[in-house]
Amino acid sequence: MQRRNFLGLLGAAIIAPPNVSFAQAPPSSAATKPLRIVVIANTYYEGDGLMTALCNRMVRNAKIDVPRDTMWPRKAPQTDADIIRRPRCLIDAAAQNGNATAVIEIWCLDDLMAANISHGATDNKAKCMRIVTEYGSAPAGVVAFGTAAYPDDLSYNGCATIGGTIFIRDAANDGGPIHSNWTWPGNMGVLVPSKTPPAFFANVLADPQTMLTINSQMLTVPVNPASKLRLVIAPDAIAISSVNIPKDTEFAPVDLKAIAAAKAAGAINITSVETTHGVIRAQWPDVPFIYVTAIPNRVGHFQDEARNNYPQELVSTHNAGIALKHVIPHFLEAIA
């Protein structure tokens, strides 16, 4: 399967990352209110890999401050009363160019659900996101973060992908009778473009230092790693989200049906196949949105490449966290 790859020449196995200072991101001026940026990871282990990248002092980005007001690690909530209704941390950040600043909130859906409900159920994911929507005013930008399969026989394991367009398929009929019934009226089974200005993608792709820094800071996953670790980012990239998957249904047949449906709707450059990005996208329909996806496995190979594989999941989510950390200043510049 042929894939668009803007980064074929940017593999950075022998390229050293630049030295950056650990200086605090510059404060906003009195006339500029910091933007609210919401980053939402799906599972606890995806959020943990992201936090690993954000908290590491060796790979800092001078535009991103160290996390503050940190509430991580945290115990898994057993009841609703145990839920900590706050982000894992806040991070002050500055735009790549210009005076815009932001406060980035790092959330994780697993943190916001009690142990007695299904964390994989789409309706429970949507319901728990009320905690995020009620935490503050409407955000200026939203980032969905998580793991996904890559739809190619060629391994992209360990790479990260970034895009904006979402395709949501209702998988309720793909298995047994126990499933969610979540929907986003008018946006199911169609390509939903992002509100993010195209300049974001253009500016990242035109910044070779950022691209090379990301690629050079990625780590190799243990199972079937990509031959060249890299960030795959494109303005026409599409993430597929299969929702309402019936209980105990395997991902592989659901993913294949979703890919076929997305292609029938006009999708070409699919770079992420998972379950949650679209649900996050639906919470703020008119807000600039991007997805940042970690790739631990190929489509159809979750069982043999990623399932319950701690190093595979941790390393791949760390790599996506590295990508997020270095593209966020460009995102802020584009949406400011």
Side-chain angles (χ1 to χ4, degrees), residues 20-96 99-114 119 125 128-146 280 283-284 287-290 292 314 317-318 320-329 331-333 335-336:
V20 296
S21 72
F22 297 153
Q24 183 174 355
S28 60
S29 67
T32 305
K33 182 179 180 180
L35 304 175
R36 182 191 181 203
I37 304 298
V38 171
V39 178
I40 304 179
N42 179 22
T43 68
Y44 71 89
Y45 58 84
E46 292 165 351
D48 289 351
L50 172 58
M51 292 295 291
T52 300
L54 294 175
C55 293
N56 194 304
R57 292 180 58 194
M58 186 176 288
V59 288
R60 295 239 59 82
N61 180 339
K63 298 286 186 178
I64 308 293
D65 200 1
V66 296
R68 62 177 172 86
D69 297 348
T70 304
M71 301 290 294
W72 177 83
R74 64 175 72 174
K75 292 182 179 181
Q78 298 303 303
T79 67
D80 286 347
D82 296 330
I83 295 173
I84 300 172
R85 297 171 178 267
R86 293 174 56 189
R88 287 188 167 196
C89 68
L90 302 177
I91 304 174
D92 298 312
Q96 189 74 12
N99 297 322
T101 61
V103 176
I104 303 169
E105 303 168 10
I106 307 298
W107 296 86
C108 175
L109 298 186
D110 270 350
D111 296 344
L112 308 179
M113 288 184 274
H119 288 206
K125 295 178 185 181
C128 81
M129 271 189 272
R130 295 175 189 170
I131 296 174
V132 185
T133 59
E134 294 171 358
Y135 184 77
S137 58
V142 174
V143 180
F145 184 93
I280 296 170
Q283 306 309 306
W284 298 276
V287 172
F289 167 91
I290 58 172
V292 178
L314 176 64
T317 51
H318 163 275
I322 289 292
L324 174 62
K325 179 160 58 176
H326 290 294
V327 304
I328 274 288
F331 186 57
L332 300 183
E333 179 183 357
I335 67 176

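- A heavy-atom distance below 4.5 Å is not found between the side chains of Leu324 and Phe331.
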Take Ile40 and Gln283 through the side chain to side chain contact (heavy atoms under 4.5 Å, CB included) test and state the conclusion after the steps.
CA-CA 11 Å; Ile40 304 179; Gln283 306 309 306; over 6 Å; no
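- Put simply, CG on Leu50 and CG on Leu314 are 11.5 Å apart, with the number rounded to the nearest 0.5 Å.
- Nearest approach of Ile335 to Ala140, heavy atoms of both residues: CD1-O, 3.5 Å.
- Between Asp110 and His119, the closest heavy-atom pair is OD1-ND1, 2.8 Å.
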Could you go through Met51 and Ile106, starting from their C-alpha distance and side-chain angles, then the distance that decides it, and tell me whether this counts as side chain to side chain contact (heavy atoms under 4.5 Å, CB included)?
CA-CA 8 Å; Met51 292 295 291; Ile106 307 298; 3.9 Å; yes
Before you tell me yes or no, could you show the steps for Met129 and Ile280 under side chain to side chain contact (heavy atoms under 4.5 Å, CB included), namely the whole-Å CA-CA distance, both residues' side-chain angles and the distance that decides it to 0.1 Å?
CA-CA 8 Å; Met129 271 189 272; Ile280 296 170; 3.9 Å; yes
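- Considering only residues two or more places apart in sequence or on other chains, Phe145 meets the ring-ring contact (aromatic ring centres under 6.0 Å, His included) condition with none of them.
- When all heavy atoms are compared, the tightest approach of Pro329 to Ala94 is CB-O, 3.5 Å.
- If you take CG on Leu332 and CD1 on Ile64, they are separated by 6.5 Å, rounding to the nearest 0.5 Å.
- Taking the charged nitrogens against the carboxylate oxygens, Asp48 and Arg88 do have a contact shorter than 4.0 Å, which makes a salt bridge.
- Closest approach of Ala320 to Val292, counting heavy atoms only: O-CG1, 3.6 Å.
- To the nearest 0.5 Å, the span separating CD1 on Ile328 from CD1 on Ile104 amounts to 4.5 Å.
- Taking NE2 of His326 as the start and CZ of Arg60 as the end, the distance is 9.0 Å to the nearest 0.5 Å.
- Here the CG-OG1 distance, from Leu109 to Thr43, works out to 9.0 Å after rounding to the nearest 0.5 Å.
- Closest approach of Ala114 and Thr79 over heavy atoms only: CB-C, 3.6 Å.
- In this view, Arg68 and Asp92 satisfy the side chain to side chain donor-acceptor pair (under 3.5 Å) rule, not counting sequence neighbours.
- Between Ser137 atom OG and Lys33 atom NZ the span is 5.0 Å, to the nearest 0.5 Å.
- Residues passing the ring-ring contact (aromatic ring centres under 6.0 Å, His included) test with Trp107, sequence neighbours excluded: Tyr135.
- Taking the side chain as every heavy atom from C-beta outward, Val38 and Val287 never approach each other to under 4.5 Å.
- The two residues Glu333 and Gln96 make their nearest non-hydrogen contact at OE1-CB, 3.4 Å.
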For Asp69 and Arg86, run side chain to side chain contact (heavy atoms under 4.5 Å, CB included): C-alpha distance rounded to whole Å, both residues' side-chain angles, the deciding distance at 0.1 Å, then the answer.
CA-CA 10 Å; Asp69 297 348; Arg86 293 174 56 189; 4.1 Å; yes
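- Panel note: side chain Gln78, backbone Ala76; a donor-acceptor pair is recorded below 3.5 Å.
- Judged purely by atom type and a 3.5 angstrom limit, Lys325 uses its side chain to pair as donor or acceptor with the backbone of Ala53.
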